[in-house]
Each structure stands twice: as structure tokens, then as C-alpha cells.
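Bear in mind that the values here come from a model prediction, so they are computed numbers and not experimental data.
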Amino acid sequence: GGYLEHRVLYQQSAHFSGSAELRNRHLGLDLWCTAGTPVFCPLPATVHSFRYNDQPLDYGATLILRHQIEDFFFFTLYGHLSRSSITDWESGQSVSQGDRIATFGPPEENGGWVPHLHWQVILDMEGWSGDYPGVCTEKDLPHYQINCPNPSVLFPMTLNERP
């Protein structure tokens, strides 16, 4: 599932199609694998927030981490996780690079999706906690392209720099 990919499947859920303009632009990367696949922290972080987002085709269990590189802060969102992935976290808790932070969730826990990870980079949480739009309208795309840069910039790091 690609960054900024245009998707029509969100029309199946009132969660995405409840407004006059459809939310159909994907703001993260989808990584497809089996339920139970472990997810590792790409960079040192603290837990920003987590929540179970239970609307059909929503994220299900969601974890958001806050990262700092020198004076620069940003967030990574992990959606469609197993419910057990968010039971032991506390906001502000430290996470080390390479720590196992979650597992891919089964459809009954991940919003009804085939198991996968929605991974998104966010510069400003804009007041959100435990959730953040992963799909936007065409009209709002310029804003979200700036606030949610392409996460593939970090993707090679997660594959090549695991401890």
C-alpha cells in the first residue's frame, strides 16, 4: 500500500465517507504480512499515545511514538496492531531502537483488514492522541503532504539497522 495512493475502497465505511468529499488519499505505507508478525522500533522514542480505534476499517489497535533527532521532533504511527500490542504501554515511556513494540493484528482486532501494518510519519500531531488521519480528501492533500512526509525515507533504516 503506497504513500499518497488513491483508494476507492474506503467508500465501504461511513468512517471515511461521512462527509461531502471522500477521504481516499493514503498517508502512510502499508506493509503486508501475517497476524502476529513483530514490529520493531526504528529509532529511539517515547510513547506519545495509543488507543483502540474500533470503527469498521479504522486502525484497530494504534500506537504512536515520538522521536527526537537533535532539535527535530516527529512521530510515527503504527496502525492495525493486535490488541495486546497496546496493553502494557504508558505515555512517556522510553523505547529503544530495535525494541519489539507490537505485532500485526488479526482482522477481528485491526479494523477488519487483512493483516498489515499502516506506518505513517507525522510532524505535528495537531492535538490528536491515539489516532491521526491515515487517509485524507483531495482538498486536504496539500496540508497532509507537508505534515505527513513519505515514510519510505525511514524504511531502509528499519530493514538495515536493526540491532
(request) Evaluate the side-chain contact (heavy atoms from CB on, under 4.5 Å) criterion for residues Phe75 and Asp124: first the C-alpha distance (whole Å), next the side-chain angles of each, then the deciding distance (0.1 Å), finally the verdict. (result) CA-CA 8 Å; Phe75 303 84; Asp124 180 352; 6.0 Å; no

Is there a side-chain contact between [X] and [Y], using heavy atoms and a 4.5 Å cut-off?
X: Leu117; Y: Tyr78; value: yes
X: Leu65; Y: Val47; value: yes
X: Thr76; Y: Ile122; value: no
X: Phe73; Y: His67; value: no
X: Pro107; Y: Pro115; value: yes
X: Val121; Y: Cys148; value: no
X: Ile101; Y: Trp89; value: yes
X: Cys41; Y: Gln97; value: no

Closest non-hydrogen atom pair, [X] against [Y]:
X: Asn110; Y: Gly105; value: ND2-O, 2.9 Å
X: Thr62; Y: Ile86; value: O-CG2, 3.6 Å
X: Pro142; Y: Lys139; value: CD-O, 3.5 Å
X: Ala61; Y: Ser82; value: CB-O, 3.4 Å
X: Leu27; Y: Pro133; value: CD1-O, 3.6 Å
X: Trp32; Y: Phe104; value: C-CE2, 4.2 Å

(request) Would you please test Phe74 and Met125 for side-chain contact (heavy atoms from CB on, under 4.5 Å) and show each step? (result) CA-CA 9 Å; Phe74 67 97; Met125 288 298 298; over 6 Å; no

Atom [atom1] of [X] and atom [atom2] of [Y]: how far apart are they, to the nearest 0.5 Å?
X: Leu77; Y: Ile64; atom1: CG; atom2: CD1; answer: 4.5 Å
X: Leu81; Y: His116; atom1: CG; atom2: NE2; answer: 10.0 Å
X: Asp131; Y: Ser49; atom1: CG; atom2: OG; answer: 8.5 Å
X: His6; Y: Glu138; atom1: NE2; atom2: CD; answer: 5.0 Å
X: Thr87; Y: Tyr52; atom1: OG1; atom2: OH; answer: 13.5 Å
X: Cys136; Y: His26; atom1: SG; atom2: NE2; answer: 10.5 Å

(message) Closer than 3.5 angstrom, by distance alone: can the side chain of Ser85 be matched with the main-chain N or O of Thr103 as a donor-acceptor pair?
(response) yes

(request) State whether the side chain of Thr137 and the backbone N or O of Asp140 hold a donor-acceptor pair below 3.5 Å, judged by distance alone. (result) yes

(request) Say whether Trp128 and Ile146 are linked into one hydrophobic cluster, either directly or through other cluster members, by side-chain heavy-atom distances under 4.5 angstrom. (result) no

(message) Between the side chains of Glu5 and Arg25, is the shortest nitrogen-to-carboxylate-oxygen separation below 4.0 Å, so that they form an ion pair?
(response) no

(request) Using the six-membered ring wherever Trp is involved, compare the ring planes of His118 and His80 and label them parallel, tilted or perpendicular (cut-offs 30° and 60°). (result) perpendicular

(message) Tell me whether the count of non-hydrogen atoms from other residues, nucleotides or ligands lying under 6.0 Å of CD in Glu90 goes above 12.
(response) no

(message) Other residues, nucleotides and ligands only: do more than 12 of their heavy atoms fall within 6.0 Å of CZ on Arg83?
(response) no

(request) Under the side-chain contact (heavy atoms from CB on, under 4.5 Å) rule, collect the residues that match up with Gln145, sequence neighbours excluded. (result) Tyr3, Leu4, Leu141

(message) Quick one about Thr34 and Thr37 (side-chain donor to acceptor, distance below 3.5 Å, no hydrogens or angles considered), yes or no?
(response) yes

(message) Just by distance, no angles: are the side chains of Tyr132 and Glu126 close enough, under 3.5 Å, to form a donor-acceptor pair?
(response) yes

(request) Give the C-alpha distance, both sets of side-chain angles, the deciding distance and a yes or no for side-chain contact (heavy atoms from CB on, under 4.5 Å) between Tyr144 and Val135. (result) CA-CA 9 Å; Tyr144 286 106; Val135 180; over 6 Å; no

